[in-house]
Asks: 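Sharing a structure here in structure tokens format.
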Amino acid sequence: METKESKVKPKLNRIAELARKYRDEPIQSIHHHMDRWWLEDAYHQLKANKAAGIDKVTKEEYGENLAENLEDLITRVRSQTYRAPAVKRVEIPKPGSDELRPLGIPSFEDKVLQKGFVMLVEPVFEEMFYEFSYGFRPGKSQHEAIHTLFKDLGWRGGWVIDLDIRRFFDTIDHRHMREFFSKRITDGVLNTLVLGWLKAGTVKNGAWEASEEGTPQGGNVSPLLANLYLHEVLDDWFVKEVQPRLKSNGGMVRYADDAVMYFDRKEDAERVLAALGKRLDRYGLELHPEKTRLLDFTQPRGGDKQSTFSFLGFTYYWGKSRSGKRVIKLKTESKRQTAKKKALTDWIKENRHLPRAEQHQILSAKLRGLYHYYGVSDNIGSLYTLSFHARIAWRKWLNRTGRKRDMSWRQFNFYLAAHPLPEPKVYHPLY
């Protein structure tokens with residue numbers, strides 16, 4: 001019996017082959033590949049513990065009549081009668097910041113369709129995206145972006161443009177977005193879906209709001225569309241217009257809307273920065289005037305003031321090797337470090353009522369997650385600071401659970417000896 005996997009994988013291979021063959025021509029029709037088997041595969045890839053959209057339907061509920069639901073969904077998509085529902089809009093704290101980031105939560109059926117859509121068109125766009133683009137792409141990761149930037153700066157450093165686009169996801173221009181999509185894929189069914197998602201609107205506190213610009217973060221389709229937008233506006237421009245005009249070497253690393261450009265010569269960096277704002281403005285985007293900056297990140301000499309910049313939660317700075325040579329190093333960005341310490345303390349405080357064994361299990365998992373992300377070369381000190389902070393906070397709140405006698409440090413250390421918390425470790429060597 002043929003399984004859904006055996007039906008989907010050959011189609012993915014054919015689409016990728018088609019994209020390679022017609023790399024410089026628009027793809028006219030591929031929506032027919034997205035059938036019930038395709039969407040069933042998309043359904044099974046979605047996590048069950050995610051928040052529900054405005055319809056409050058969960059994965060389990062949608063799956064009770066999965067075959068019938070998917071057949072009906074495919075019929076509406078192919079007849080172009082599917083209407084993307086509004087997304088539920090919530091606000092979550094930005095990492096290491098007091099600011100809030102808007103997040104869109106689609107209905108579950110829309111999540112299934114978005115996932116199937118991304119599976120379908122991703123192989124087409126992957127053929128045109130550049131290697132220095134790492135955000136939300138198959139086979140690429142944040143640590144690869146971090147390592148590439150570290151490696152490219154090398155021992156010399158350079159003149160760095162620390163680029164920040166103000167409210168990027170909220171200001172994407174719908175007209176340009178549709179033009180960029182149809183430039184590569186002219187399939188009418190898929191273009192109708194893109195328009196529907198862009199215009200679906202949001203629901204906040206029970207009130208519907210129209211979407212005249214932007215794409216809400218939270219759906220499966222949003223990262224792909226954002227990557228496509230910045231590929232056309234920034235990446236392609238940098239490769240085809242900027243690099244050929246440089247007087248020396250220059251490069252870029254981008255993860256979603258977080259990007260760093262670097263140059264051997266100051267005059268190249270100044271010219272690019274002057275043109276960058278105009279380029280983004282042409283497509284409805286704006287450089288953040290306070291967060292975007294040009295800095296001298298060349299190797300410092302003598303008493304020169306050392307510049308630093310941050311990328312994906314790490315601060316890049318000049319330090320010294322064991323032999324005394326100037327080298328580029330990484331450490332956890334200070335505001336991220338503070339935020340992670342606070343998050344650990346808050347969790348311990350709010351969950352001190354749990355059995356101690358359960359607290360230990362969850363706290364260990366949280367620490368391992370932090371070590372896995374921030375465990376890069378030269379950053380072991382930041383990890384030990386987090387580890388020490390977690391121990392102090394945990395003992396403090398264990399002693400505020402109504403115990404008759406406080407747990408001394410000696411007793412606490414005996415407990416940790418029998419039930420150790422994970423030790424910091426470098427998971428991502430840079431050298």
Side-chain angles (χ1 to χ4, degrees), residues 42-43 45-63 82-118 135-136 142 164-174 177 193-227 229-230 255-258 285-286 288 291 312-313 335-336 338-340 342-347 349-351 362 365-366 369-370 373:
Y43 166 86
Q45 290 187 48
L46 295 174
K47 295 180 179 179
N49 60 349
K50 295 294 183 180
I54 57 174
D55 61 354
K56 299 181 181 179
V57 174
T58 64
K59 179 178 181 177
E60 182 181 2
E61 291 169 339
Y62 191 83
Y82 177 80
R83 296 292 177 264
V87 300
K88 182 167 71 175
R89 191 179 183 96
V90 297
E91 293 181 332
I92 60 173
K94 285 186 176 181
S97 171
D98 294 331
E99 299 179 28
L100 296 176
R101 181 181 70 184
L103 186 70
I105 305 175
S107 66
F108 186 78
E109 182 175 70
D110 202 48
K111 289 179 183 178
V112 174
L113 182 56
Q114 286 193 31
K115 181 64 177 177
F117 175 90
V118 170
F136 308 108
Q142 288 171 300
D164 188 283
I165 302 174
R166 173 181 273 176
R167 299 176 58 244
F168 168 67
F169 284 91
D170 296 330
T171 56
I172 290 176
D173 183 276
H174 288 178
M177 182 77 265
L193 288 177
V194 171
L195 177 61
W197 284 317
L198 291 175
K199 298 296 184 183
T202 59
V203 173
K204 183 180 179 182
N205 299 325
W208 180 81
E209 297 178 9
S211 300
E212 299 301 328
E213 61 180 7
T215 174
Q217 299 180 68
N220 283 293
V221 77
S222 180
L224 183 138
L225 293 180
N227 259 342
Y229 203 86
L230 282 179
Y255 190 93
D257 61 328
D258 198 351
L285 303 177
E286 179 187 1
H288 197 296
K291 296 181 180 180
L312 297 180
K335 64 179 182 180
R336 290 284 187 101
T338 300
K340 298 305 178 185
K342 182 179 184 302
L344 286 172
T345 300
D346 290 346
W347 183 87
K349 177 181 177 182
E350 292 164 7
N351 293 275
I362 299 174
K366 289 181 176 293
L370 292 171
Y373 186 81

Asks: For this output row, return yes or no: ring centroids of Y229 and F169 closer than 6.0 angstrom.
Replies: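 Centroid separation for Y229 and F169: 6.0 Å or greater.
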Asks: Hey, does the side chain of D164 reach the backbone of D258 with a donor-acceptor pair shorter than 3.5 angstrom?
Replies: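 Not confirmed, D164 side chain does not pair with D258 backbone.
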Asks: Are the side chain of E286 and the backbone of R166 linked by a donor-acceptor contact shorter than 3.5 Å?
Replies: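 It does not hold such a pair.
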Asks: Do V203 and I54 come close enough that some side-chain heavy atom pair is under 4.5 Å?
Replies: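 Heavy-atom side-chain distance check passes, below 4.5 Å.
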Asks: Just verifying a value: how many Å separate I172 CD1 and R167 CZ, rounded to the nearest 0.5 Å?
Replies: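 Here the interatomic distance stands at 11.5 Å.
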Asks: Between Q114 (side chain) and V221 (backbone), is there a donor-acceptor pair under 3.5 Å?
Replies: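 Yes.
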Asks: Atom CG in L198, atom OG in S222: separation rounded to 0.5 Å?
Replies: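 Here the interatomic distance stands at 9.5 Å.
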Asks: In this structure, are over 12 heavy atoms from other groups packed under 6.0 Å from K56 atom NZ?
Replies: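 Open.
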Asks: Compare every heavy atom of G201 with every heavy atom of W208, then report the nearest pair and how far apart it is.
Replies: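 Closest approach of W208 to G201, heavy atoms only: NE1-CA, 3.8 Å.
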Asks: Examine the side chains of Y62 and D55 and answer whether a donor and an acceptor come within less than 3.5 Å of each other.
Replies: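 Short answer, no.
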Asks: With rounding to the nearest 0.5 angstrom, report the NE2 to CZ distance, H288 to F168.
Replies: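 If I round to the nearest 0.5 Å, the distance is 15.5 Å.
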Asks: Measure across A200 and S211 and return the closest heavy-atom pair with its distance rounded to 0.1 Å.
Replies: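 Looks like C-OG, 4.5 Å.
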Asks: Between atom CE of M177 and atom CD of E213, what is the distance when rounded to the nearest 0.5 Å?
Replies: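 Between M177 CE and E213 CD, I get 14.0 Å after rounding to 0.5 Å.
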Asks: Is there side-chain contact between D110 and Y82, with at least one heavy-atom pair below 4.5 Å?
Replies: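 The answer is yes; the side chains approach within 4.5 Å.
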Asks: So does G214 get a backbone contact from the side chain of H174, meaning a donor-acceptor N/O pair under 3.5 Å?
Replies: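 Answer holds: yes.
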Asks: Within 45 degrees of the axis of the six-membered ring of Y43 and under 6.0 Å from its centre: does K59 put its NZ or CZ there?
Replies: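 So K59 does make the cation-pi contact.
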Asks: Atom OG1 of T215 and atom CG of D170: how far apart are they, to the nearest 0.5 Å?
Replies: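 Going from OG1 on T215 over to CG on D170, the span is 9.5 Å.
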Asks: Test side-chain contact (heavy atoms from CB on, under 4.5 Å) on N227 and Y255 and set out the steps.
Replies: CA-CA 9 Å; N227 259 342; Y255 190 93; over 6 Å; no
Asks: Roughly how far apart are E212 CD and T171 OG1, rounded to 0.5 Å?
Replies: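 Result: 14.0 Å between the selected atoms.
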Asks: Write down the atom of A42, the atom of K115, and the distance for their closest heavy-atom approach.
Replies: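 Minimum heavy-atom separation between A42 and K115: CB-CG, 3.7 Å.
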Asks: Taking P106 as the fixed residue, which of K88, K50, K111 is the one that meets the side-chain contact (heavy atoms from CB on, under 4.5 Å) rule?
Replies: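 The residue from K88, K50, K111 that satisfies side-chain contact (heavy atoms from CB on, under 4.5 Å) with P106 turns out to be K111.
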Asks: Passes side-chain contact (heavy atoms from CB on, under 4.5 Å), T202 versus V87? Steps please.
Replies: CA-CA 5 Å; T202 59; V87 300; 3.5 Å; yes
Asks: Would you check if L370 and L344 make a side-chain contact, meaning some heavy-atom pair closer than 4.5 Å?
Replies: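 Yes. Closest side-chain heavy atoms under 4.5 Å.
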Asks: When you compare the side chain of L193 with that of F117, does any pair of heavy atoms fall below 4.5 Å?
Replies: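 Yes - at least one pair of side-chain heavy atoms lies under 4.5 Å apart.
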Asks: Taking the side chain as C-beta and beyond, is there a heavy-atom pair between L230 and L285 under 4.5 Å?
Replies: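 Yes, side chains in contact.
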Asks: Decide yes or no on side-chain contact (heavy atoms from CB on, under 4.5 Å) for F108 and E61, but give the supporting numbers first.
Replies: CA-CA 10 Å; F108 186 78; E61 291 169 339; over 6 Å; no
Asks: Is there a side-chain contact between I362 and W347 (heavy atoms, below 4.5 Å)?
Replies: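 Sidechains of W347 and I362: in contact.
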